[in-house]
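What follows is one structure encoded as structure tokens, with my remarks underneath.
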Amino acid sequence: MMQTKYIFLTGGVVSSVGKGVTAAALGRLLKQHGFQVAIQKLDPYINVDPGTMSPYQHGEVFVLDDGAETDLDLGHYERFADIRLNKVCNVTTGQVYANVIGRERHGDYLGGTIQTIPHITNEIKRRINQVALTTDAEIVLCEVGGTVGDIESEPFLETLRQLRSNLGRENTFYIHVTWLVHLAATRELKTKPTQHSVRMLRSVGISPDMIIARSDHPVAADLCEKIALFCDVDKSAVVPMETAQSLYDVPMKLHNAHVGEYILHRLGLESRQQPDLSGWQWLSQEIHREKPRVKIALVGKYVELHDAYISVREALEHACIHLGVELELSWVQSADLEKGRSWEAVQAAHGILVPGGFGPRGIEGKISAIRYARENKVPYLGLCLGMQTMCIEFARYIYNTDDANSTEFDPNTEHPVISLMPDQEHIADKGGTMRLGLYPCELQEGSVARRAYGEARIDERHRHRFEFNNAYRKPFEEHGMRFSGLSPDGRLVEIAEVVDHPFMVASQFHPEFLSRPTHPHPLFYEFVKTACMEHDIPCCTVAVPESLK
Ligand code: GLN
């Protein structure tokens, strides 16, 4: 068996320069070279996981098969490299300390003083090591969140420093992703902040083997030479990375800069196969091609921050690419609809989508958008809360009352069509206690969902506390709602669809987490396809190159 190789990625100068996408695209590139990869994120914040943070703070919470609530970068990793990760792939300072303090209370260190080095750093090492133990990865990419110089990331950087001597120089590779500052007055790119950032990295004992220099402007060769000289890396290891038009251009860009070959060589590995990126080239050409446009209105609560719905947007994008159409997404603030604003975007849309969410703000706006979709037969896709609100709207319609709701929003509602799951009733803790992760679902013969998936049993990822109240199944069915996806024991409604409608389908799970640029998710695909067909937008099943399948 091959000795596991490690690639560590740190960030410099500023945050949000696309370190996560770089790690993800590099994972894909190394996979194309014939290696099994896994990608891990080390997050320096003290929360145990992002599950309790507001999407405004943190963006989307990405859920894995095993139910781990993780950073949205894990979504990039899975989508780019087409892999399924597990809970060890997202480590936070909170998890590390909780574990060490738990063991201290248990008496595991009796007599000792617990210190950052070695106790915290050893726990971080143990967690990095777990990736290789729990996956079949031969190369582990490990990204440190935040920017070098942050106080809270120091224990992580110290651990990475130690790992070079623990694991051996030939088994470790350090990439520093930085930002080249552009001065508008002189129209030049400046390397000094990058130099300082590398100096700061060196001051904690890490010498980068490669610098990926991100920029919004073309980077001239002499600038790369300057970075190489001042930062003491090979000229061929300074990789200029101009902002791509699409995220999915990044694997090609890294490939064209020979990043894969360079890293493999430095890790003492030979490429196992000529990396075939023709599929990715196709993908990137498709994205940039002029195409008929399909308008989708995403009616949500956190729409000001697009990162809050990143997997939903990507899943729509994947479906559009494979249908040969261009996505025109309107972000509609559901609370605005309640005040009579933003309806133009809903009325102009070829399809309406309500994503997941928590709390009462904007619920009534979502319900009105759903009513509009049902009455006007506009294709509708509901995700988690989007299914619950679709059921609330349906109850209000069939009982001709406004007093139907989820007990999340109105505990005393006359028609609690969505209520707390029995296993949730006695749970007081908020963190990590929802129904999380992969659960099976059986699809009803003849339903839209069954046709979309083309199979009878599926597994999808969940993150919810509330569910459809079974007392309402019968009246709903009598009035034209079909429960087309149920848990195998029949107890939980997983998919509901309105029968007399071209496409009004909603799931209790989050299909967006399993969509890939290479394989669009069936529900998103069918939703966008119906939205196009209902509005005479020419779409087709695009022939996908073999290398992408
Ligand atoms: N708030 C709802 C619940 O807890 C929906 C959750 C979601 O959309 N992820 O069940």
Side-chain angles (χ1 to χ4, degrees), residues 49-56 58-65 67-70 72 75 298-303 305 307-313 315 334-335 352-367 369-370 380-393 395 404-411 413 416-439 441 460-470 472 485 487 491-496 505-515 521 523-524:
D49 60 43
T52 54
M53 283 186 226
S54 156
Y56 282 132
H58 186 272
E60 163 187 281
V61 175
F62 190 80
V63 181
L64 305 181
D65 286 347
E69 297 174 275
T70 71
L72 58 79
L298 186 153
V299 182
K301 173 182 179 182
Y302 314 105
V303 288
L305 182 75
D307 271 0
Y309 302 112
I310 187 161
S311 293
V312 177
R313 187 191 60 202
S334 51
I352 296 172
L353 185 151
V354 174
F358 296 84
R361 179 168 65 87
I363 288 295
E364 294 301 320
K366 290 177 184 168
I367 293 172
I370 293 167
Y380 172 78
L381 179 64
L383 312 174
C384 202
L385 181 64
M387 182 199 96
Q388 299 177 353
T389 40
M390 181 178 96
C391 294
I392 297 170
E393 192 283 323
N405 219 324
S406 161
T407 54
E408 181 180 2
F409 314 124
D410 179 2
T413 179
V417 279
I418 305 294
S419 59
L420 207 56
M421 290 189 280
D423 357 8
Q424 287 284 335
E425 271 162 17
H426 304 293
I427 294 177
D429 280 357
K430 289 277 183 278
T433 55
M434 282 185 259
R435 180 170 180 250
L436 291 164
L438 212 59
Y439 285 94
C441 163
E460 291 278 2
R461 293 178 178 175
H462 297 68
R463 181 173 185 246
H464 65 116
R465 237 180 258 291
F466 295 81
E467 62 160 335
F468 185 80
N469 178 347
N470 288 331
Y472 288 89
S487 57
R491 277 184 47 228
L492 298 178
V493 169
E494 295 281 14
I495 309 180
V505 180
S507 65
Q508 184 55 81
F509 51 79
H510 290 271
E512 68 271 26
F513 295 142
L514 293 182
S515 181
H521 190 284
L523 287 183
F524 281 86

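Fair warning: this is a prediction, and the values are worked out from it, not measured in the lab. As the structure lists them, so they are numbered: ligands from 1, and atoms in each ligand from 1.
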Item to check | E408/R361 ion pair, N-O < 4.0 Å | outcome: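 R361 and E408: not salt-bridged.
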Checklist entry - Can R465 and T433 be said to form a side chain to side chain donor-acceptor pair (under 3.5 Å), step by step? => result CA-CA 8 Å; R465 237 180 258 291; T433 55; 2.9 Å; yes
Item to check | Parallel, tilted or perpendicular: rings of H521 and F524 (30°, 60°) | outcome: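 Perpendicular, since the angle between the ring planes exceeds 60°.
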Checklist entry - So Y56 and Y302, would you call those rings parallel, tilted or perpendicular, with 30° and 60° as cut-offs? => result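 Rings of Y56 and Y302: perpendicular, over 60°.
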Next on the checklist: Keeping S487 on the side-chain end and L492 on the backbone end, is there a donor-acceptor pair under 3.5 Å?
Outcome noted: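 Yes, because the side chain of S487 sits within donor-acceptor range (under 3.5 Å) of the backbone of L492.
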Next on the checklist: Just to be sure I understand the cut-off, which residues have at least one non-hydrogen atom under 4.0 angstrom from an atom of ligand 1?
Outcome noted: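 Residues G356, G357, F358, C384, L385, Q388, E408, R463, H464, R465, F466, H510 each place a heavy atom under 4.0 Å from ligand 1, listed by chain and number.
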Next on the checklist: So if I apply the side-chain contact (heavy atoms from CB on, under 4.5 Å) rule between R463 and each of F62, F509, F358, which one comes out positive?
Outcome noted: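 Considering F62, F509, F358, a side-chain contact (heavy atoms from CB on, under 4.5 Å) with R463 is found only for F358.
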